[in-house]
Amino acid sequence: METPSFEAPGGVGRGAHGPGQGARLTLTRPDDWHVHLRDGAMLAQAVADTARRFARAIVMPNLDPPIGKVHEALAYRARILAALPAGARLEPLMTLYLTETTTSSEVARAQASGIVHALKYYPAGATTNTAHAVRDLRRCYPVLAAMERHDLPLLLHGEVTDPSVDVFDREAVFLERHLSPLMRAFPGLRMVLEHITTRAAVEFVNASPDTLAATITAHHLLLDRNALFDGGLRPHHYCRPLLKRADHRAALVAAATGGSPKFFLGTDSAPHPRHAKESSCGCAGIYTAHAALELYAEVFEKAHALDRLEGFASGNGPDFYRLPRNQDRITLVKEPWRVPSTIPAGGDVLVPLRAGEVVGWRLAR
Ligand code: DOR
Ligand code: ZN
């Protein structure tokens with residue numbers, strides 16, 4: 001990877017005063033290691049926004065019905081490619097939805113397919129479209145053994161769903177209750193703890209062997225749980241795992257900007273139509289694909305670590321997945337722009353993060 005190039009009135013590296021307006025930051029084109037592109041009406045918008053910034057994306061399989069088999073992943077991949085705007089490129093890296101009936105032969109087929117790059121564990125009932133997901137992880141152990149043999153990574157929605165556990169503690173409890181035993185049982189299985197939200201998760205990943213990595217979203221780096229109740233109930237800040245206290249957010253920023261290869265970019269951008277969010281029982285998910293890299297740039301700028309954005313966004317993910325780093329580059333400009341208050345998506349609209357407000361970086365045209 002070439003070093004990121006800065007053309008900056010004021011300089012954009014660590015310890016600098018920070019880049020002035022109009023500063024340009026050029027880096028290796030990043031990948032999104034966790035995104036929800038959906039299907040049908042929503043697909044085109046999510047694909048277009050993702051392809052504008054990212055070369056590849058790990059595509060989550062929680063459709064209704066879920067993508068559980070290789071032939072379903074192949075068909076979904078074709079729909080994603082068909083939804084790309086003319087001239088746009090995106091390589092969808094497909095995943096399968098793990099269930100208690102997933103077979104070891106499906107794992108072998110997934111590995112041989114060349115298009116499936118991981119299986120995704122959701123605890124049943126944790127979030128959007130998880131009714132078919134896993135109730136007892138131990139029932140999946142034979143399949144996890146097959147994944148370990150075939151060297152296919154396991155992606156973890158790391159929360160327990162035990163109703164007796166406080167909803168803000170569900171990630172921390174998952175670490176002790178499920179992840180520690182999992183790591184002991186399958187020392188060779190590569191795992192990604194997705195969308196981490198707590199200091200406990202950061203410490204767990206840092207203390208674990210290199211088989212364990214983690215993705216961090218832009219929204220968990222930018223917001224703490226106060227944002228859920230800022231002047232009233234804010235459904236567009238509701239996601240799973242939930243936003244946490246400010247000290248956890250600080251631990252996530254330190255992990256993302258600290259230069260460790262174990263942490264990389266995964267937006268968890270998750271579009272829902274506005275009416276499904278603004279509801280008496282609203283869906284979890286925050287849409288960030290319209291400004292994903294720009295929002296991460298804000299975080300790294302504030303931490304005086306723009307020189308580390310490239311490793312987090314473009315280097316650590318491909319290294320973990322054992323894929324080549326991208327060759328082409330992308331340029332961000334420090335120039336504020338206003339996010340629209342809604343984005344049309346199919347026949348509906350969605351409300352993106354920062355709706356009606358300003359983002360400090362934009363993509364160079
Ligand atoms: O907030 C979330 N939304 N978290 C998830 O894990 C799933 C996602 C979705 O698919 O809407
Ligand atoms: Zn997700």
Side-chain angles (χ1 to χ4, degrees), residues 1-4 25-37 46 49-61 77 80 89-95 114-121 147 151-158 189-197 201-202 205-206 208-221 252-270 288-289 292-297 299-300 305-330 332:
M1 188 162 59
E2 293 171 53
T3 43
L25 171 59
T26 298
L27 55 153
T28 300
R29 183 175 290 276
D31 305 299
D32 187 347
W33 298 97
H34 183 138
V35 72
H36 299 268
L37 297 178
D49 283 339
T50 297
R52 277 269 282 145
R53 293 155 180 87
F54 300 107
R56 296 169 289 196
I58 282 276
V59 180
M60 289 296 151
R77 182 173 181 275
I80 294 167
R89 280 169 46 179
L90 177 72
E91 188 183 344
L93 307 174
M94 308 310 291
T95 62
I115 62 119
V116 174
H117 293 265
L119 273 76
K120 176 71 187 284
Y121 161 77
M147 290 173 64
D151 197 22
L152 206 54
L154 175 66
L155 314 183
L156 299 161
H157 183 110
L189 178 61
R190 284 184 293 142
M191 292 188 260
V192 183
L193 190 54
E194 299 290 341
H195 43 53
I196 58 169
T197 63
V202 169
V205 171
N206 275 328
S208 294
D210 290 346
T211 48
L212 184 68
T215 55
I216 311 182
T217 75
H219 47 276
H220 289 104
L221 291 168
L252 299 177
V253 171
T257 62
S260 162
K262 289 169 146 278
F263 301 99
F264 42 84
L265 184 158
T267 62
D268 200 17
S269 175
T288 52
L293 187 60
E294 301 89 313
L295 291 166
Y296 282 105
V299 174
F300 278 69
L306 274 173
D307 58 336
R308 290 194 166 152
L309 179 59
E310 187 173 43
F312 177 78
S314 317
N316 302 344
D319 293 356
F320 181 84
Y321 276 89
R322 301 189 182 148
L323 292 169
R325 295 179 177 191
N326 296 317
Q327 294 294 315
D328 58 329
R329 291 162 76 75
I330 189 170
L332 290 168

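Remember, it's a predicted structure, so these values are computed and weren't measured experimentally.
Applying the side chain to side chain contact (heavy atoms under 4.5 Å, CB included) rule to A201 yields the partners E171, L175, L193, I196, T198; only residues at least two apart in sequence or on another chain are considered. T215 meets the side chain to side chain donor-acceptor pair (under 3.5 Å) test with E194; sequence neighbours excluded. A313 pairs by the side chain to side chain contact (heavy atoms under 4.5 Å, CB included) definition with P30, L265, L293, L309, not counting sequence neighbours. For D49, the salt bridge (charged side-chain N to carboxylate O under 4.0 Å, His left out) test picks out no residue, with sequence neighbours left out. Every side chain to side chain contact (heavy atoms under 4.5 Å, CB included) that P209 has, sequence neighbours left out, goes to M183, T211. Legend: residues meeting side chain to side chain contact (heavy atoms under 4.5 Å, CB included) with H117, ordered by chain and number and at least two apart, are I58, L93, L323.
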N206/S260 under side chain to side chain contact (heavy atoms under 4.5 Å, CB included): CA gap, chis, key distance, verdict: CA-CA 9 Å; N206 275 328; S260 162; 4.3 Å; yes
Side chain to side chain contact (heavy atoms under 4.5 Å, CB included) evaluation trace for V192 with F264: CA-CA 10 Å; V192 183; F264 42 84; 4.3 Å; yes
Kindly indicate, with the supporting measurements, whether the criterion side chain to side chain contact (heavy atoms under 4.5 Å, CB included) is fulfilled by D268 and H220. CA-CA 10 Å; D268 200 17; H220 289 104; 5.5 Å; no
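For E310 and R325, the salt-bridge test fails: no basic side-chain N is under 4.0 Å from an acidic carboxylate O.
The nearest pair of heavy atoms linking A218 to Y296 is N-OH, 3.1 Å. Nearest heavy atom pair, residue A57 against residue T50, reads CB-CG2, 4.1 Å. Closest approach of L221 to A256, counting heavy atoms only: CD2-CB, 4.0 Å. Here the shortest heavy-atom pairing between L90 and A51 reads CB-CB, 3.9 Å. Nearest approach of T197 to L252, heavy atoms of both residues: CA-CD1, 3.8 Å.
Side-chain N or O atoms of R308 include none that pairs as donor or acceptor with a backbone N or O of F300 at under 3.5 Å. With hydrogens and angles ignored, the 3.5 Å screen pairs no side-chain donor or acceptor of E294 with any backbone N or O of L332. In this structure a side-chain-to-backbone donor-acceptor pair under 3.5 Å is present from K262 to L212.
Here the two rings, on W33 and F320, have centers that are 6.0 Å apart or farther.
Taking the side chain as every heavy atom from C-beta outward, N326 and P318 never approach each other to under 4.5 Å. At least one side-chain heavy atom of F54 sits under 4.5 Å from a side-chain heavy atom of T267. You'll find the side chain of V59 stays beyond 4.5 Å of the side chain of T95, heavy atoms only. In this structure, the side chains of H34 and L155 stay at 4.5 Å or more apart for every pair of heavy atoms.
To the nearest 0.5 angstrom, R77 atom CZ is 6.0 Å from I115 atom CD1. How far CG of D32 is from CZ of R56: 12.0 Å, rounded to the nearest 0.5 Å. Residue H219 holds its NE2 atom at 10.5 Å from CG of L295, rounded to the nearest 0.5 Å.
The local environment of CZ in R29 is crowded, with over 12 non-hydrogen atoms from other residues, nucleotides or ligands closer than 6.0 Å.
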